[in-house]
Colleague: 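Please read through the structure below; I'll follow up with questions.
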Protein chains: 2
Amino acid sequence: MMAPRRCEPGVCGKCAQPCTLGTLSRDLELDLRQLPELRERRLARGDYLFHTSGNFESLYAVRSGSMKVTMLTEDGREQITGFFLQGDLVGLDSVGLRQHVSSAAALEDTVVCELPFALLERHGQSVPRIQAALFRMLSGQIRRELSTLLLLGSLRAEERLAQFLIDLAERGVGPAECGTAIWMPMTREEIGSYLGLKLETVSRTLSKLHREGIIEVVKRGVRIRQERQLRLLAGMNPVPAARPRALAH
Amino acid sequence: MMAPRRCEPGVCGKCAQPCTLGTLSRDLELDLRQLPELRERRLARGDYLFHTSGNFESLYAVRSGSMKVTMLTEDGREQITGFFLQGDLVGLDSVGLRQHVSSAAALEDTVVCELPFALLERHGQSVPRIQAALFRMLSGQIRRELSTLLLLGSLRAEERLAQFLIDLAERGVGPAECGTAIWMPMTREEIGSYLGLKLETVSRTLSKLHREGIIEVVKRGVRIRQERQLRLLAGMNPVPAARPRALAH
DNA sequence: CGTACAATTGAAACCAGTCAACCATTGTGG
DNA sequence: CCACAATGGTTGACTGGTTTCAATTGTACG
């Protein structure tokens, strides 16, 4: 029922079969083929890829499955700062530091490719195109966070959810339109943590959107019924933007 | 009355007198001395350094004064995504793109040093230390935004203001303590835009903190009276963190 | 089968937003 | 020089969206 995710070709090091490396596969494809050091890691739901304060050594490209990245506030509460789906790059927030500032856990069975940052840095030094690609990835992360920042700063619950759903949809296959199915691998509480809402509010708001016929919700599956209405709620132009991948990660 | 700002030595290109370049002066000091291309720009309050959709070409280091960076939501509202004080680097959010995704305006009379990004990129290519410094700056921006994200996602008005004030204080001279004076070059509305609050709420909350004797507010000047209480409100440990510069920008 | 977890829904409390009035400061033009 | 408008700030009363607390149902997994 739920949509399969985009799968761009590209072979990364030791992975036998073709795998998706998202931005990386676009930006570094040719050069990545030549990197022999890429390791693969398999995670079950709940497994941590790294923890806050652990040594930072690698970025991770999500091959399949999905992850959440969390941070702790100084007084001990946990908040999700991003969801990472197939093709996304995890770990950019700790570049330049010895230790991770966040933790990453799998939301479901997940496979990632490990990209040692020292290696990327070294290659960036000799290949301008790779250095530029690394800059692009870092600044891309900045912009995704800025989108979330705008969302948290000025939108109401309904609008946040609408934007969240459209973002999830557009990170799947093709543009979000009527009938598009969205798979949400995270709990209501996790959605709330990311959107700055309580789980009850998430549940209530999803129910409301369902009741109004804008979406159809069945557990963690959502189907868009009135794309136009949903975009309107999200404060977006009715016409899909030129470059989708706007929010989250 | 208000505290002077930290002033690290370092000479940047054409600027005759020593100037503060913040992170840059720490990371690139030696190499920057050799760059002849650095231009200086002077802005009056309200002047824009760049606009959304304008060509992205340079980063800007704030020598004196302060700036605000704003973004537009798709439905046209404006939100401030960061304040930049002396020594901060403006423009990182558009690295890797042709056009700026944000606008930057001076909050008061301000002087900035222009750092053409192509130049930095070129130098990063030949000098590993500079490439690493650029990575650090980009990832530093990511982490500052993540702090703001946590703030917007889980704190109440009072807590947001407390954290905002401590951040402003610590970006001044030395640690925030009782008696520390803070200068806020922005309006209540601008503070609210950044913190996800309405200007009335900002005003009311500042008044409340004043009434409780935690701070003293006189127009745009604030003096910390009960540091411990303020940190408590901000959800911070009473003891100042090892590395201050946590939030905002 | 029962425990644990996820999700839904209702009712009441509360925090922040909205609307509005008022004051202080600044700058402009008659 | 004064009048007046524009801007920034403060405060009050009211409204409303979200949170909080609580009860209930459904679902997965041992």
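Labels below follow one simple rule: chain letters A, B, ... track the order of the sequence lines, proteins then strands, and each chain is numbered from 1. Below, all heavy atoms of this structure are taken into account, side chains as well, without hydrogens, waters or symmetry copies.
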Colleague: Are a donor atom and an acceptor atom from the side chains of B/Glu159 and B/Gln163 found within less than 3.5 Å of each other?
Modeller: no
Colleague: Could you check how far CD1 of A/Ile191 sits from P of C/dA6, rounded to whole Å?
Modeller: 12 Å
Colleague: Find which nucleotide of DNA chain D each of A/Lys219 and A/Thr201 is nearest to by heavy atoms, and output the residue with the more 5' nucleotide.
Modeller: A/Thr201
Colleague: Spell out yes or no: do the side chain of A/Arg204 and the base of C/dG10 have one donor N/O and one acceptor N/O closer than 3.5 Å?
Modeller: yes
Colleague: Kindly indicate whether the side chain of A/Arg160 and the base of D/dT18 share any N or O donor-acceptor pair separated by less than 3.5 Å?
Modeller: no
Colleague: Whole Å only: how far is the CG atom of B/Leu161 from the C1' atom of C/dC15?
Modeller: 14 Å
Colleague: Would you classify B/Leu197 as touching base, sugar-phosphate or nothing, given that sugar-phosphate means primed atoms plus P, OP1 and OP2, and contacts are heavy atoms under 4.0 Å?
Modeller: sugar-phosphate
Colleague: Starting at CZ of B/Arg211 and ending at P of D/dG12, how long is that distance when rounded to a whole Å?
Modeller: 8 Å
Colleague: What class does the angle between the rings of A/Tyr194 and A/Phe164 fall in, given that below 30° is parallel, 30 to 60° is tilted and above 60° is perpendicular?
Modeller: tilted
Colleague: Whole Å only: how far is the NZ atom of A/Lys198 from the P atom of C/dA16?
Modeller: 13 Å
Colleague: Which nucleotide wins on minimum distance to the side chain of B/Ser203, given the candidates D/dG9, C/dT18, C/dG17?
Modeller: D/dG9
Colleague: I want to verify a distance call: between C/dA16, D/dA22, C/dA6, whose nearest atom is closest to the A/Glu200 side chain?
Modeller: D/dA22
Colleague: Respond yes when some side-chain nitrogen or oxygen of A/Ser207 is under 4.0 Å from OP1 or OP2 of C/dT9, and no when none is.
Modeller: yes
Colleague: Can you tell whether the side chains of A/Arg204 and A/Glu200 come within less than 4.0 Å, N to carboxylate O?
Modeller: no
Colleague: Would you kindly check whether a donor in the side chain of B/Arg220 faces an acceptor in the base of D/dG9, or vice versa, at under 3.5 angstrom?
Modeller: no
Colleague: Select base, sugar-phosphate, or nothing to describe what A/Gly192 touches, counting heavy atoms under 4.0 Å on all strands.
Modeller: nothing
